[in-house]
Amino acid sequence: MPPLVTRFAPSPTGHLHIGGARTALFCWAFAKKSGGRFMLRIEDTDAARSSLESARGIIEDLHWLGIVNDLGPFIKPDGTIGQHDWEPNSGRPPVGEYFQARRVAIYNAYLERLITSGRAYPAFDTNEETEKQRAAAVAAKQTYRYPRPADIEFGKYTPAMQERWKRAEAGERHVVRFAAPNEEIVVHDEVLGDVRYAPGEMDDFVIRKADGFPTYHFAVVIDDETMGVTHVLRAQEHLNNTPRHVALQKALTHPDGTAFRIPLYAHMPIICNMDASKMSKRDKAKAARKAAKDAMAKDKSVTAESLIEAMNAQSSKQQSSNQGTSQGTSAVGADLSLLPAFLSGDNDNVQVAEALAAHFKIALPEIEVWDFKKNGYLPEAICNFVALLGWNPGLKTPDGKDLEKFDNAFLASHFGLDRIGKTASKFDRNKLLSFNADAINGLSDEEFAKRWREWCTEFEPAFAQKLDGVDSPSQREGAGGRVLSSPSSPRWLALAKAVKARAKTLRDGVKSSAFVLRDDAATDFDPAAVEKNLKANNNQGLTLLRTAFERLQGVDEATWNAATLHALIEQVGQQAGTGLGPVSQAIRVAIAGAAVSPPLGESLAVLGRRSSLARIDTCQKTLAT
RNA sequence: GCGGGCGUCGUUCAGCGGUAGAACGUCAGCCUUUCAAGCGGAAUGUCGGGAGUUCGAUCCUCCUCGCCCGCCCCA
């Protein structure tokens with residue numbers, strides 16, 4: 001009996017979309033649960049938009065999420081792309097290629113059979129012609145369907161048809177269209193039930209483009225069949241494509257005459273933004289465009305040209321200052337000549353959007369898995385959260401609550417099609433954040449320290465280097481820009497402990513640790529904090545600070561740790577009769593420049609004796625007057 | 001316009017014939033050296049609207065409204 005096979009089939013035109021991640025996760029979980037195989041296939045038939053880099057990125061994103069495919073491409077330790085294929089005794093022939101662009105010969109072979117059965121024909125209309133007809137139909141508020149040419153007879157390979165093929169073979173530019181059947185098509189869906197499409201709904205859609213590549217519809221059907229895919233799980237936006245696929249499956253045959261099988265379909269709900277629009281990569285473009293438009297409306301001197309100039313200047317500056325440390329930070333590699341068209345809404349180029357966002361210092365919505373990674377989300381939190389978008393285990397926790405915290409292993413043993421919902425889900429970022437905070441808190445201090453440090457090294461290199469104790473550029477270069485000291489670096493661990501409980505994301509950890517980066521001689525103290533915590537009550541804070549400073553000086557390097565420092569500060573507070581609070585705040589402002597920092601003992605410990613004392617000293621001198 | 005799908009607290013989801021539960025968010029409380037976190041609480045829903053079937057409907061039927069998706073030589 002052939003195994004159950006699911007597949008995730010992204011087109012490599014950018015990073016992995018969060019919705020794609022859910023689809024992949026469900027496909028993976030379903031295959032695992034059923035003892036089947038999970039396949040990855042790359043749909044790169046759009047030569048202009050596809051790139052190998054994107055394919056690689058998507059595979060990496062999936063791997064990061066813990067979604068590992070049994071079949072199809074993977075990245076080898078040496079960085080090259082390899083392929084898992086059906087093994088010789090699996091009962092299935094090897095697939096060979098999992099990139100569609102390399103399978104064109106296969107599609108053409110099947111197309112040949114469709115031609116001779118009178119179910120496919122070349123069409124010579126130019127793009128402009130069909131576009132004009134479509135526009136006319138829209139203007140007349142009518143449904144556009146490509147009209148089948150009069151000389152085409154459904155299911156017959158007629159002389160007229162042969163005539164068309166002669167023109168095509170002579171090199172005339174053409175597409176190939178599928179002669180759609182005039183019959184009701186029923187899509188059996190595991191989630192939605194039977195979905196019926198009336199006869200005449202479907203027109204003769206294109207199955208091979210003028211460049212010789214198959215369209216999505218054709219490639220999908222051939223691939224799913226020839227690769228052994230048994231279950232197609234995808235988002236509901238594909239539902240209306242399915243009758244086309246079913247019609248194709250019914251029309252297609254193998255060389256030995258056997259028919260195609262129709263896989264089991266399961267369409268899962270769409271993931272929407274909180275405003276109920278579909279969550280898509282275009283949302284980034286929308287946000288960036290809005291920022292630019294707002295700026296231009298406010299200030300007439302801001303134009304596309306001035307923006308390009310400013311952004312170019314910015315990017316060259318960044319490049320020189322980022323030398324050797326730009327690991328993970330996306331270089332401003334946008335083609336800014338696209339900007340005018342971008343602003344008018346004629347393209348949604350992500351690089352342009354990101355460049356604009358950097359220029360206006362706005363945050364683009366997180367849409368792709370990489371965005372979430374960059375902003376400090378943990379893969380387990382993303383998987384858990386995303387799994388709940390359109391599915392739930394229907395189980396209770398021991399104390400009677402709905403079970404909603406689980407890992408991928410749980411999914412692999414509990415996921416089923418029967419509990420997939422039908423309603424579109426809104427992507428509630430607050431809830432994700434809460435899941436992420438819980439995931440972070442569920443980590444041991446050591447594990448958190450390790451992962452936080454890895455993340456910082458990639459996304460906050462300046463911070464990571466500071467904490468690694470590597471300050472000079474020469475040291476950096478010596479290790480190729482990626483310095484990793486001992487994995488259990490005590491500074492990292494100390495700071496990690498201090499930061500973990502309050503961090504909802506890994507990036508939060510950096511934010512609340514920003515004081516570490518402060519210059520020991522910095523004199524910019526938050527005025528409000530100074531007023532409240534140092535100068536109020538006749539310089540009470542400063543007095544306490546002086547006392548504390550003297551006592552701290554008495555602590556030597558060896559005993560400079562969170563516990564002893566905390567005890568000492570507490571003592572100072574007691575002796576002064578003020579309690580811990582005022583003393584803490586005074587010191588906090590002195591060492592952090594603001595009224596907020598991680599717990600003081602930890603903060604002082606992480607800073608170290610020398611820096612801590614230097615900062616307090618600076619503070620006292622600055623405010624002495 | 002045509003086709004398809006969907007409508008349960010603000011949000012994600014349970015419940016599927018006996019007038020609704022959880023989580024996130026919100027609010028106040030406790031704790032507290034700041035900010036958080038944590039803990040224990042509270043509020044929030046005429047189950048989109050109308051009609052029908054039924055002793056009884058969020059759950060079944062019909063109608064209606066709303067929202068979303070698709071209608072590319074994109075996938």
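First the proteins, then the strands, lettered A, B, ... as listed; each starts at 1.
One N or O on the side chain of A:Asn69 and one on the backbone of A:Pro73 form a donor-acceptor pair closer than 3.5 Å. At distances below 3.5 Å, not a single donor-acceptor pair connects side-chain atoms of A:Glu368 with backbone N or O atoms of A:Lys281.
Straight-line distance from the CG atom of A:Asp204 to the P atom of B:rC71: 17 Å, rounded to whole Å. Going from atom CZ of A:Arg419 over to atom C1' of B:rA14 covers 7 Å, rounded to whole Å. Rounded to whole angstrom, the span from the CG atom of A:Asp125 across to the P atom of B:rC72 amounts to 14 Å. If you measure from atom CD of A:Glu201 to atom C1' of B:rC71, you get 10 Å, rounded to the nearest angstrom. If you measure from atom CZ of A:Arg49 to atom C1' of B:rC73, you get 11 Å, rounded to the nearest angstrom. Atom CD of A:Glu237 is separated from atom P of B:rC74 by 17 Å (rounded to the nearest Å). The NZ atom of A:Lys504 sits 8 Å away from the P atom of B:rG38 (whole-angstrom rounding). Rounded to whole angstrom, the span from the CG atom of A:Asp428 across to the P atom of B:rG10 amounts to 13 Å.
Across all strands, A:Ser597 comes closer than 4.0 Å to base atoms (heavy-atom distances). At the heavy-atom level, A:Pro10 lies nowhere under 4.0 Å from the strands shown. Using a 4.0 Å heavy-atom cutoff across all strands shown, A:Pro582 reaches no nucleic acid atom at all. Within 4.0 Å (heavy atoms only), A:Gly390 reaches sugar-phosphate atoms of the nucleic acid but no base atom. No contact: A:Leu433 has no heavy atom under 4.0 Å from any strand. Residue contacts for A:Asp203: at a heavy-atom cut-off of 4.0 Å it reaches no nucleic acid atom on any strand shown. In this structure, A:Phe385 reaches neither bases nor backbone, as no heavy-atom distance under 4.0 Å exists between it and the strands shown. Among the protein residues, A:Asn392 comes within range of the sugar-phosphate backbone only, with heavy atoms under 4.0 Å from sugar or phosphate atoms but none that close to a base. Residue contacts for A:Asp189: at a heavy-atom cut-off of 4.0 Å it reaches no nucleic acid atom on any strand shown. Counting non-hydrogen atoms under 4.0 angstrom, A:Gly394 reaches nothing in the nucleic acid. Using a 4.0 Å heavy-atom distance criterion, A:Arg208 is classed as making no nucleic acid contact. As judged by a 4.0 angstrom heavy-atom cut-off over every strand, A:Val175 is placed among the base-contacting residues. Heavy atoms of A:His217 sit under 4.0 angstrom from at least one base atom.
Salt-bridge check for A:Glu129 with A:Lys132: failed, with every basic side-chain N at 4.0 Å or more from each acidic carboxylate O. Using a 4.0 Å cut-off between charged nitrogen and carboxylate oxygen, A:Arg119 and A:Asp204 do not count as a salt-bridge pair. Ion pairing of A:Glu366 with A:Arg507 is absent here, as no side-chain N (NZ or NE/NH1/NH2) approaches a carboxylate O to less than 4.0 Å. Of the charged side-chain nitrogens involved, at least one lies within less than 4.0 Å of a carboxylate oxygen, so that A:Asp524 and A:Arg518 count as a salt-bridged pair. One finds no salt bridge joining A:Lys497 and A:Glu602 here, because no Lys/Arg side-chain nitrogen approaches an Asp/Glu carboxylate oxygen to under 4.0 Å.
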Inset, instruction - Kindly express the pairing pattern of RNA chain B in dot-bracket notation, using | wherever a base pairs with another strand and counting only Watson-Crick or G-U pairs under 3.5 Å. - result: (((((((..((((....[..)))).((.((.......)).)).....(((((..]....))))))))))))....
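Aromatic rings of A:Phe427 and A:Phe372 (six-membered ring for Trp) have centroids within the 6.0 Å cut-off, being under it.
Across the P atoms, B:rG15 and B:rG7 are found 13 Å apart, a figure rounded to whole Å. For the C1' atoms, the distance linking B:rC27 with B:rC69 amounts to 37 Å, nearest Å. Separation of the C1' atoms belonging to B:rC16 and B:rA75 is 37 Å when rounded to the nearest angstrom. Rounded to whole Å, the separation between the C1' atoms of B:rA51 and B:rC72 comes to 43 Å. Only the C1' atoms considered, B:rC9 is 6 Å distant from B:rU44, to the nearest whole Å. Look at the P atom in both B:rG21 and B:rU58: the space between them is 14 Å, to the nearest Å. Using atom P as the reference point in both B:rA20 and B:rU26, the two lie 27 Å apart (nearest Å). Across B:rA28 and B:rG66, the matching C1' atoms stand 36 Å from one another, rounded to whole Å.
Distance from the side chain of A:Ile270 is smallest to B:rC69 among B:rC6, B:rC69, B:rU34. Each of B:rA23, B:rU33, B:rG3 was ranked by its minimum atom distance to the side chain of A:Tyr197; first place goes to B:rG3. Considering only side-chain atoms of A:Thr423, the nucleotide from B:rU33, B:rG7, B:rC24 that sits closest is B:rG7. Closest contact between the side chain of A:Leu192 and the listed nucleotides B:rA23, B:rC73, B:rG5 involves B:rG5. Closest to the side chain of A:Val195, from the set B:rA75, B:rG5, B:rC2, is B:rG5. Listed candidates were B:rG5, B:rU34, B:rC74. Nearest to the side chain of A:Gln236 is B:rG5.
Checking the phosphate oxygens (OP1, OP2) of B:rA75, a side-chain nitrogen or oxygen of A:Lys209 falls inside 4.0 Å. Proximity of A:Thr13 to the phosphate of B:rC74: no side-chain N or O atom is located under 4.0 Å from OP1 or OP2. Look at A:Arg134 and you'll find a side-chain N or O under 4.0 angstrom from OP1 or OP2 of B:rC72. Put simply, A:Lys401 has no side-chain N or O that comes within less than 4.0 Å of OP1 or OP2 on B:rA14. Between A:Lys431 and the phosphate of B:rG25, there is no side-chain N or O to OP1/OP2 separation shorter than 4.0 Å. The phosphate of B:rC72 (OP1 or OP2) has no side-chain N or O of A:Thr215 nearer than 4.0 angstrom. The side chain of A:Asn240 contributes no N or O atom lying less than 4.0 Å from OP1 or OP2 of B:rG3.
If A:Pro269 and A:Asp402 are placed on RNA chain B by their nearest nucleotide, the residue sitting closer to the 5' end is A:Pro269. Place A:Arg502 and A:Phe427 on RNA chain B by their nearest nucleotides, and A:Phe427 ends up nearer the 5' end.
Note: A:Phe435 and A:Phe385 have perpendicular aromatic rings, judged against thresholds of 30 and 60 degrees for the angle between ring planes. Between A:Phe415 and A:Trp391, the two ring planes are tilted [angle within 30° to 60°].
In the region residues 508-518 of chain A, proximity to RNA chain B at under 4.0 angstrom, judged on heavy atoms, holds for none of the residues.
At a cut-off of 3.5 Å, with distance as the only test, a side-chain donor of A:Tyr107 or A:Asp223 sits close to an acceptor on the other residue.
Counted within 6.0 Å of NZ on A:Lys286, heavy atoms from surrounding residues, nucleotides or ligands total more than 12; the atom is thus considered enclosed.
Partners of A:Asp418 according to the side chain to side chain contact (heavy atoms under 4.5 Å, CB included) rule, which considers only residues two or more places apart in sequence or in another chain, do not exist here.
Just one of A:Tyr146, A:Phe218, A:Phe205, A:Tyr121 meets the ring pair (Phe, Tyr, Trp, His ring centres under 6.0 Å) condition when paired with A:Phe178; it is A:Phe205.
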